[in-house]
Amino acid sequence: MKELPKAYDFRGLEEKWYRYWEEQGYFRPKLDPRKPKFCVVIPPPNVTGSLHIGHALNNTIQDILVRYRRMDGYDVLWLPGTDHAGIATQNVVERELAREGKTRHDLGREAFLQRVWQWKERFGNRIIEQLKRLGASCDWSRLRFTMDEGLSRAVREVFVRLWEEGLIYRGDYIINWCPRCHTALADIEVEHKPIAGNLWYIRYPLTDGSGEVVVATTRPETMLGDTAVAVHPEDERYRNLIGRKIKLPLIGREIPIIADKSVDPEFGTGAVKVTPAHDFADFEMARRHNLPFVKIMDENGRMTEEAGPYAGLDRFEARKKVVADLEAQGFLVKTEDYEVMLGHCYRCDCVVEPLLSKQWFVRMKPLAQPATAAVENGFIRLVPEQWNNLYFDWMYKIRDWCISRQIWWGHRIPAWTCQDCGKTIVVREDPESCPECGSKNLRQEEDVLDTWFSSALWPFSTLGWPEKTEDLKAFYPTSVLVTSFDILFFWVARMIMMGLHFMGNIPFRTVYIHALVRDEKGQKMSKSRGNVIDPVVMIEKYGADALRFTLAALAAQGRDIKLSESRIEGFKHFVNKIWNAARFVLMNLEDYEPRELKSEALPLPSRWILSRLQKTIQKVRDRLEAYEFDQAALAIYHFFWHEFCDWYVEASKLYLREGGEAKRLAQNVLLHVLETSLRLLHPFMPFVTEELWQALPHEGQSIMVAPYPKVEEKFVSPETEKEMDLVREVVVAVRGIRADYRLHPTRKLPVVILTSEESVKEVLREHSPLIELLAGTEALQIEVSGERPRGAASVVLTEAEVFVPLANLVDVAQEIKRLSKEKEKYSKELARVRARLENPNFIEKAPEEVVTKEKIRAEELTEKLKRLEENLERLKEIET
RNA sequence: GGGCGGAUAGCUCAGUGGGAGAGCAUCGGCCUUACAAGCCGGGGGUCAGAGGUUCGAAUCCUCUUCCGCCCA
């Protein structure tokens, strides 16, 4: 057997094994019809992206699920890909152009798109390479991109069908406009943030000169586009003014005073200005009252001709000038400080502008209804289920989805307008002439589709739809989607809608929604805060296994992850622990011969560790099934470190030393438990487990295609565990005395154990060599109802008493103090238990097993106390 | 303003009706040939506050305070 280096060094190993797995084709499904299928589609990262810690968590979880299922006998497909990320990618390339002093308009549409493709070819694979370093076992032979040919065909098919079904329409509506990205945004692409602003009170005179109405506004410049003033119909203050007319200051337009229930009488003066072309609520109000729409601001955020003297001004300059003019002309009543919630572009963070424009929309209600029902009826399960409420809320009040974007990088909308007869043509193949009038003078829509339009099709477009492919048949619906809540609506809800509509079936059965990764103080990680933990740096520093295990161990459901580098370092110690345990086993495999493990032939510690292993396997499987990755990870951690290493490896030294058959059996058990643990750990730590597994005697080509451990009932034994617990208790008791008296670890201590049970005596006698090894004792004496040794330190256990007779070493006063403290603890406990038992209501109403348990406890405590008191008496005799 | 989540050891968090737990940190002792990235032992908590339900509450209900997130 080769000897391993003293410390685990992951450098070089990770690349080596990843290449091996890929070459062996383990990442590809076998398409074996006899095997159950398991499929996960990756949430496609942006091509512009590089791996951040959120990706690391997201993909670690997916890889754990996927490796687990693959080992457990499923035919597994984890389908990877990237997203073309319209606005983000276009921004990146435009910035590059800007450095050359050019704009995309200098290049023109065709050349610009070529340039983006070039950029994608050069840099778009970075995140894929980073995912490989994390260990992601994706089937790279099926790598997709939202703009590739197949997916573009799917997008086109979906668009045309929705148009034919009347679910897509085009029209003039108010939308969120980003003046910097120069495009429309969907409602959910807007982030609302509080901004310190003002509330201006403006005097609007009545046309007949009989008075005035004061309105309050946070956006005075939009008054140029006012087409009404509105009040609440039941507002006594204004009731007599309804229907009368106002002369708009600065530009003199006459506008009516209307009554509308949406007006909040509490806001400002209770009278509000109505600007239908530049405010969402006003837009709705204008439609109800047939008010005209006056567009005073354009797509660049500049004032239009409609703004009269303000035409050409930037929106912020216009505000200043309007306020100044109002003040100069005596229309400004007062100015208050006011915090406004302003929409910001989720891509570039600049203030978005509600704007009236011609856009394409998808009707959401008919699509949302079945998507809501799918979750309500449990066809799709959200985990943790607390997200259901949020999902339903959003689905119930869903509004039509603005899908057109005024950018170039994306799927161009397949709609043409006949320049002669005005017909709109939406077809699967590019048209040559107008089907209505035969004209060849057609113009294609300039806009492209929202990026999320193509990602909404991801679970079936990536499998080959609209073709009827083998993959689609085998893997749709997919099994699990792993994502974070911030794209629940952007993406998940839309996939459900599109999946149901076009596949007639849900896209996935389960949606696992994981936490957000924050820094150690609970703040979001961001470049500007300078608190980002770069997963690639962490991988280089601590290894991918340590990073993965940390993320898994911290991934408790329903709570954000507070990550700090020290946690990763901590779990790297665990990786090293595993390494050294394997190193120990390998160093002791001399003369190894395989044996079939039979419980009855094994000593107590071996039977114990095998039983504990089964419990651990069960727990890990259960927790994985429940998506409780932290619990699964911690179960292995605890078993491996604190049961296998702390107890079994130590105990095994007894048998290894003994030699012969005892040694053979111990070697077999060590190897069995280690090898099984490695398989159990593999989904969490693929690299170190492979390296060690390959170094051990094994069957098969790779741990990643070895079977996932199953519980072997024949090794489960509660009696064995109880016996071993007794031995461990005795060992811990002796160690405690050793520590209290500062006795050197190598000093052998004499020990006397007293018990009233013959069976306890038998167990301890049988395992006295083990106790001597683990506790560092000698001349172990075990008696039933024997004489207490004089001048001994003692510990009272439930079934036995442990004495270390050290006449000249025992500090009697200190020992009395120690025992008195123990006594006090038990007395309090006993008093509580007795009080409970003396309560007739408790005896009567509590379940019987609880009462029985309490009674046993009372007996045990009484017995322990009695012995403690006797020991105290003995000590006091010496003292006097 | 509406909704959701959280408050348990110094820190991060498990625990969801019947003996307050883990990891890390800390303290004491050990270089005991797998591992000092380690081993052994210990200390540390009116489970945010107040009321209620119950034989019994960290756990269920109500209110309060504070923190986070989402929506308007």
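Computed from a predicted structure; not experimentally measured.
Note on ring orientation: taking the six-membered ring where Trp is involved, the planes of Y396(A) and F392(A) are parallel (angle under 30°, cut-offs 30° and 60°). The aromatic rings of Y637(A) and F571(A) stand perpendicular to each other, their planes meeting at an angle above 60°, with 30° marking the opposite boundary. Between W394(A) and F489(A), the angle of the ring planes stays under 30°, which puts this pair in the parallel group of the 30/60° scheme.
N668(A) and H672(A) share no side-chain donor-acceptor pair at under 3.5 Å. Between the side chains of S606(A) and Y648(A), at least one donor-acceptor pair of N or O atoms lies under 3.5 Å. Remark: the Y8(A) side chain and the E691(A) side chain contain no N/O donor-acceptor pair separated by less than 3.5 Å.
In this structure, E859(A) places its CD atom 17 Å from P of G19(B), rounding to the nearest Å. Here C71(B) presents its P atom at 14 Å from NE2 of H344(A), a figure rounded to the nearest Å. Between the P atom of G3(B) and the CD atom of Q386(A) lies a distance of 17 Å, rounded to the nearest Å. The nearest whole Å value for the distance from the OH atom in Y391(A) to the P atom in C70(B) is 20 Å. Counting to the nearest Å, the P atom of C13(B) and the CD atom of Q631(A) are 14 Å from each other. Residue L634(A) contributes atom CG, which lies 12 Å from atom C1' of C24(B) at whole-angstrom precision. The distance between atom NZ of K845(A) and atom P of U54(B), rounded to the nearest whole Å, is 8 Å. Following rounding to the nearest Å, I856(A) (CD1) and G19(B) (P) show an atom-to-atom distance of 14 Å.
Base pairing in RNA chain B gives the following stems of 3 or more Watson-Crick or G-U pairs, range against range and under 3.5 Å: B:1-7 with B:65-71, B:10-13 with B:21-24, B:26-30 with B:38-42, B:48-52 with B:60-64.
Atom name C1', nucleotides G2(B) and C13(B): the rounded distance is 30 Å, in whole Å. Annotation: G51(B) and G56(B) have their P atoms spaced 16 Å apart (nearest Å). Taking atom C1' in both U65(B) and A48(B), one finds a spacing of 8 Å when rounded to whole Å. Rounded to the nearest Å, the gap between the C1' atom of C31(B) and that of G15(B) is 38 Å. A distance of about 29 Å separates the C1' atoms of G44(B) and G5(B), rounded to the whole Å. Look at the P atom in both A57(B) and A72(B): the space between them is 43 Å, to the nearest Å. Comparing the P positions of G21(B) and C39(B) gives an interatomic distance of 22 Å, to the nearest angstrom. The separation of G23(B) from U33(B), taken at their P atoms, amounts to 25 Å, rounded to a whole angstrom.
Taking all atoms of both residues into account, the shortest heavy-atom contact from I737(A) to A793(A) is CG2-CB, 3.7 Å.
Figure legend: R735(A) and W647(A) shown as a cation-pi pair, the cationic atom lying under 6.0 angstrom from the six-membered ring centre and within 45 degrees of its axis.
The nucleotide whose nearest atom lies closest to any side-chain atom of F485(A) is, among C69(B), U32(B), A34(B), C69(B). Closest contact between the side chain of R583(A) and the listed nucleotides C55(B), G3(B), C35(B) involves C35(B).
Within the structure, every pair that satisfies the salt bridge (charged side-chain N to carboxylate O under 4.0 Å, His left out) test and touches residues 543-558 of chain A, not counting sequence neighbours, is listed here: D63(A)-R548(A). Counting only residues at least two apart or on different chains, the side-chain hydrogen bond (donor to acceptor under 3.5 Å, both in side chains) pairs with a member in residues 846-856 of chain A are R836(A)-E854(A), E854(A)-R857(A).
The backbone N or O of R583(A) sits nowhere less than 3.5 Å from a side-chain atom of N580(A) that would complete a donor-acceptor pair. Not a single donor-acceptor pair under 3.5 Å links the side chain of H744(A) to the backbone N or O of R742(A). Remark: the backbone N or O of L696(A) is paired with a side-chain donor or acceptor of H698(A) at under 3.5 angstrom.
Residues W394(A) and E854(A) both approach RNA chain B. Their nearest nucleotides, taken by heavy-atom distance, put E854(A) toward the 5′ side.
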Check step by step if side chain to side chain contact (heavy atoms under 4.5 Å, CB included) holds for L589(A) and Q667(A).
CA-CA 6 Å; L589(A) 278 189; Q667(A) 287 172 327; 4.2 Å; yes
Could you write nucleotides 37-47 of chain B as a row of B, S and -, 5' to 3', where a protein heavy atom under 4.0 Å of any base atom gives B, of only sugar-phosphate atoms gives S, and otherwise -?
BSSSS------
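RNA chain B lies under 4.0 Å from no heavy atom of any residue of residues 541-550 of chain A.
Among the protein residues, H192(A) comes within range of the sugar-phosphate backbone only, with heavy atoms under 4.0 Å from sugar or phosphate atoms but none that close to a base. Looking at heavy-atom distances under 4.0 Å, K653(A) makes contact with a base. Using a 4.0 Å heavy-atom distance criterion, P840(A) is classed as making no nucleic acid contact.
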What N/O pairs connect the protein and nucleotides 58-60 of chain B at under 3.5 Å? Give each pair on its own line.
none

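Classification of D725(A) and R728(A) as a salt-bridged pair holds, one side-chain N sitting under 4.0 Å from a carboxylate O. A salt bridge links E353(A) with R219(A); the closest basic N to acidic carboxylate O contact falls under 4.0 Å.
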